[in-house]
Engineer: 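Below is one structure. I have some questions about it.
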Amino acid sequence: MTTTDVSWPKSLWHAVTGPGPELPALHGAEQADVVVIGGGFSGLSTALHLREAGVDVAVVEAAEPGWGASGRNNGQVIPTLSRPDPEDIVARHGAAGERLVGLIRDSASILFDVAKRHGVDAEQEQNGWVQPVHSPGRIKIAERRFRQWSKFGAPVELLSRDQVRDMLGSEAWFGGFWNRTGGHVNPLALARGLARAVLAQGGRIFARSPAVSIERRGDRWIVKTAQGEISGRALVVASNAYTGEFSKTLAPAIASEVMPVRSWQMATQPLSDNVRKTIIPGRQAMSDTHGELIFGRFDARNRFVTGGAIIRPFNQVATLKARVGKRLQSLWPQIGEVRFDYVWNGFIGMTTDYLPHIHRLGPNAYGWTGCNGRGVALSVALGRELSKAIRGAPDGELALPFTEPTPIPANELLRPFAPLMMVLYRHRDAKEIG
């Protein structure tokens, strides 16, 4: 793929967010101290933290900042992983795992602090994140997560069924837990705000310039695009689920260890103030314990932003509108007729162990993948750590458990069948209710 005009998804975020900065494409030969591939949250955060430390950095983005997963998600700022708990992470990675747990614990606050420090207006609300449990048996999940995250100093609270009912305005759940540091943002506004901050700090961003290959030449890393190349002393590959979408030759080891799974997001028409005050009245972000996740939050215009999963490849938008609309009515009967103004999708980068995979790719070169549905807070926080690694911090001070890439066998062949996992999730969800 060469330099190209960028077609944006018809998402809520694209409709309500001001344009991003005007950026050049990469033409000819350029140099930087550090080259970052990917203009999403982790790439922009890495670049911003490097510029704060006075390091010369250039970002090479295939489309525009926020075009990929960073601008297409629900915008929930969640300071946990989707499945592994602290003890799982420590058991897998030892001392580095403990440091990663600390980073995840602080990840939401890191994001909100970065936005505040650089004057980024992303409609951010730090009202907490709630995980209600959808069956009596799954209260054990909340108890386990409360115990483990409390042990590592997270500001979490175990919630009774009555507390969840009052917090969410629904009788559907059986208890849960919440973290006060979580919240939600307009993710595209955050990405564009971070891009402006990088530029304001003296960094460079090249857009509409898909990187097609990486090579080591002497003591420099060379990133090639269709129209040019850029060299750097250090390199960060921060393209996550989209690593293999523009070029199969960019970083095949990273691209093959993540399964890009299409995630659908939806936004209702604005709700009246009277109705909105009865649905998640504290405006927390919420995602529950279903495998087929029930999740949602309000945006700044009182639209309920939620989403759903779809298995069949045809009539997807109409099916989702009907299915998710019926779900919302069952959870909150007072919502009345549900009308969706926006339905869009993008990729989530899933790994087989639901952990982020972080790699040392060579001298002064790093990469990572695997947001597993927790990429907003995690990506911004990892950017801070990657900047430390590039600046020479020893491994013992980094919240980066380095591993070797572990490709998923037959990755390309399995991708069309990834939605079928939803059949298993629905089966498990149904068995647990009661």
Engineer: If the threshold is 4.0 Å, N to carboxylate O, is there a salt bridge linking Glu87 and Arg144?
Structural biologist: no

Engineer: Among Met266, Gln265, His184, exactly one meets side-chain contact (heavy atoms from CB on, under 4.5 Å) together with Asn74. Which residue is that?
Structural biologist: Gln265

Engineer: Is it the case that the side chains of Asn127 and Arg283 hold a donor-acceptor pair, with the cut-off being a distance below 3.5 Å and no angle test?
Structural biologist: no

Engineer: Under 4.5 Å between any side-chain heavy atoms of Asp288 and Phe295, yes or no?
Structural biologist: no

Engineer: How are the rings of Phe298 and Phe304 set to each other: parallel, tilted or perpendicular (split at 30° and 60°)?
Structural biologist: perpendicular

Engineer: Does Asp353 pair with Arg83 as a salt bridge, N-O distance under 4.0 Å?
Structural biologist: no

Engineer: Does the side chain of His134 pick up a donor-acceptor pair with the side chain of Thr289 at under 3.5 Å?
Structural biologist: yes

Engineer: Closer than 3.5 angstrom, by distance alone: can the side chain of Arg384 be matched with the main-chain N or O of Lys388 as a donor-acceptor pair?
Structural biologist: no

Engineer: List the atom of Pro84, the atom of Ile89, and the distance in Å for their closest heavy-atom pair.
Structural biologist: CB-CG1, 4.2 Å

Engineer: Between Asp341 and Thr268, do the side chains contain an N or O donor and an N or O acceptor separated by less than 3.5 Å?
Structural biologist: no

Engineer: Please report the closest heavy-atom contact between Gly375 and Cys371, naming both atoms and the distance.
Structural biologist: CA-CB, 3.5 Å

Engineer: Do Asn411 and Ser256 have a side chain donor and acceptor closer than 3.5 Å?
Structural biologist: no

Engineer: Could you tell me whether the side chains of Asp85 and Gln148 share a donor-acceptor contact shorter than 3.5 Å?
Structural biologist: no

Engineer: How are the rings of Tyr242 and Phe347 set to each other: parallel, tilted or perpendicular (split at 30° and 60°)?
Structural biologist: tilted

Engineer: Between Ser42 and Trp368, is there a side-chain donor-acceptor contact under 3.5 Å, judged purely by atom types and distance?
Structural biologist: yes

Engineer: Output all residues satisfying salt bridge (charged side-chain N to carboxylate O under 4.0 Å, His left out) with Asp113, sequence neighbours left out; order by chain, then residue number.
Structural biologist: none

Engineer: Identify whether the distance between the nearest side-chain nitrogen and carboxylate oxygen of Lys140 and Glu143 falls below 4.0 Å.
Structural biologist: no

Engineer: Quick one: do Arg327 and Glu292 make a salt bridge, cutoff under 4.0 Å?
Structural biologist: yes

Engineer: For Asn302 and Asp273, which I'm curious about, is there any donor-acceptor pair between the side chains at under 3.5 Å?
Structural biologist: yes

Engineer: Test your reading of the model: is there a side-chain donor-acceptor pair from Glu61 to the backbone of Ala63, 3.5 Å cut-off?
Structural biologist: yes

Engineer: Which heavy atom of Val90 sits nearest to which heavy atom of Gly97, and what is that distance?
Structural biologist: CG2-C, 4.2 Å

Engineer: When you measure from the centre of the six-membered ring of Phe402, is the NZ or CZ of Arg360 closer than 6.0 Å and no more than 45° off the axis?
Structural biologist: yes

Engineer: Check whether any side-chain N or O of Arg99 sits under 3.5 Å from a backbone N or O of Leu398 as a donor-acceptor pair, and report yes or no.
Structural biologist: yes

Engineer: Kindly confirm or rule out a cation-pi arrangement of Arg145 over Phe177, judged by NZ or CZ under 6.0 Å from the six-membered ring centre and within 45° of its axis?
Structural biologist: no

Engineer: Carefully, step by step, assess Thr80 and Trp149 under the rule side chain to side chain contact (heavy atoms under 4.5 Å, CB included).
Structural biologist: CA-CA 9 Å; Thr80 70; Trp149 282 108; 3.9 Å; yes

Engineer: Hey, is the main chain of Asp56 close enough, under 3.5 Å, to the side chain of Arg204 for a donor-acceptor pair?
Structural biologist: no

Engineer: Identify whether the distance between the nearest side-chain nitrogen and carboxylate oxygen of Glu52 and Arg117 falls below 4.0 Å.
Structural biologist: yes

Engineer: Kindly say whether Val198 contributes a backbone atom to a donor-acceptor pair with the side chain of Arg51 at under 3.5 angstrom?
Structural biologist: no

Engineer: Tell me whether Arg192 contacts the main-chain N or O of Gly18 through its side chain, where contact means a donor paired with an acceptor under 3.5 Å.
Structural biologist: yes

Engineer: Walk me through it: do Leu331 and Ile294 pass the test side chain to side chain contact (heavy atoms under 4.5 Å, CB included)?
Structural biologist: CA-CA 10 Å; Leu331 296 171; Ile294 295 176; 3.8 Å; yes

Engineer: Does a side-chain N-to-carboxylate-O contact under 4.0 Å join Arg208 and Glu64?
Structural biologist: yes

Engineer: Kindly indicate whether the side chain of Met286, heavy atoms from C-beta on, has any atom under 4.5 Å from the side chain of Trp129.
Structural biologist: no

Engineer: Please step through side chain to side chain contact (heavy atoms under 4.5 Å, CB included) for the pair Val338 and Phe340, ending with a clear verdict.
Structural biologist: CA-CA 7 Å; Val338 180; Phe340 294 99; 3.6 Å; yes

Engineer: When the aromatic ring centroids of Trp264 and Tyr342 are compared, is their separation below 6.0 Å?
Structural biologist: no

Engineer: Suppose we screen for side-chain contact (heavy atoms from CB on, under 4.5 Å). Which residues come up paired with Pro21, at least two apart in sequence or across chains?
Structural biologist: Leu23, Ala195, Arg196, Leu199

Engineer: Report yes if some heavy atom in the side chain of Val35 is under 4.5 Å from a heavy atom in the side chain of Trp221; otherwise report no.
Structural biologist: no

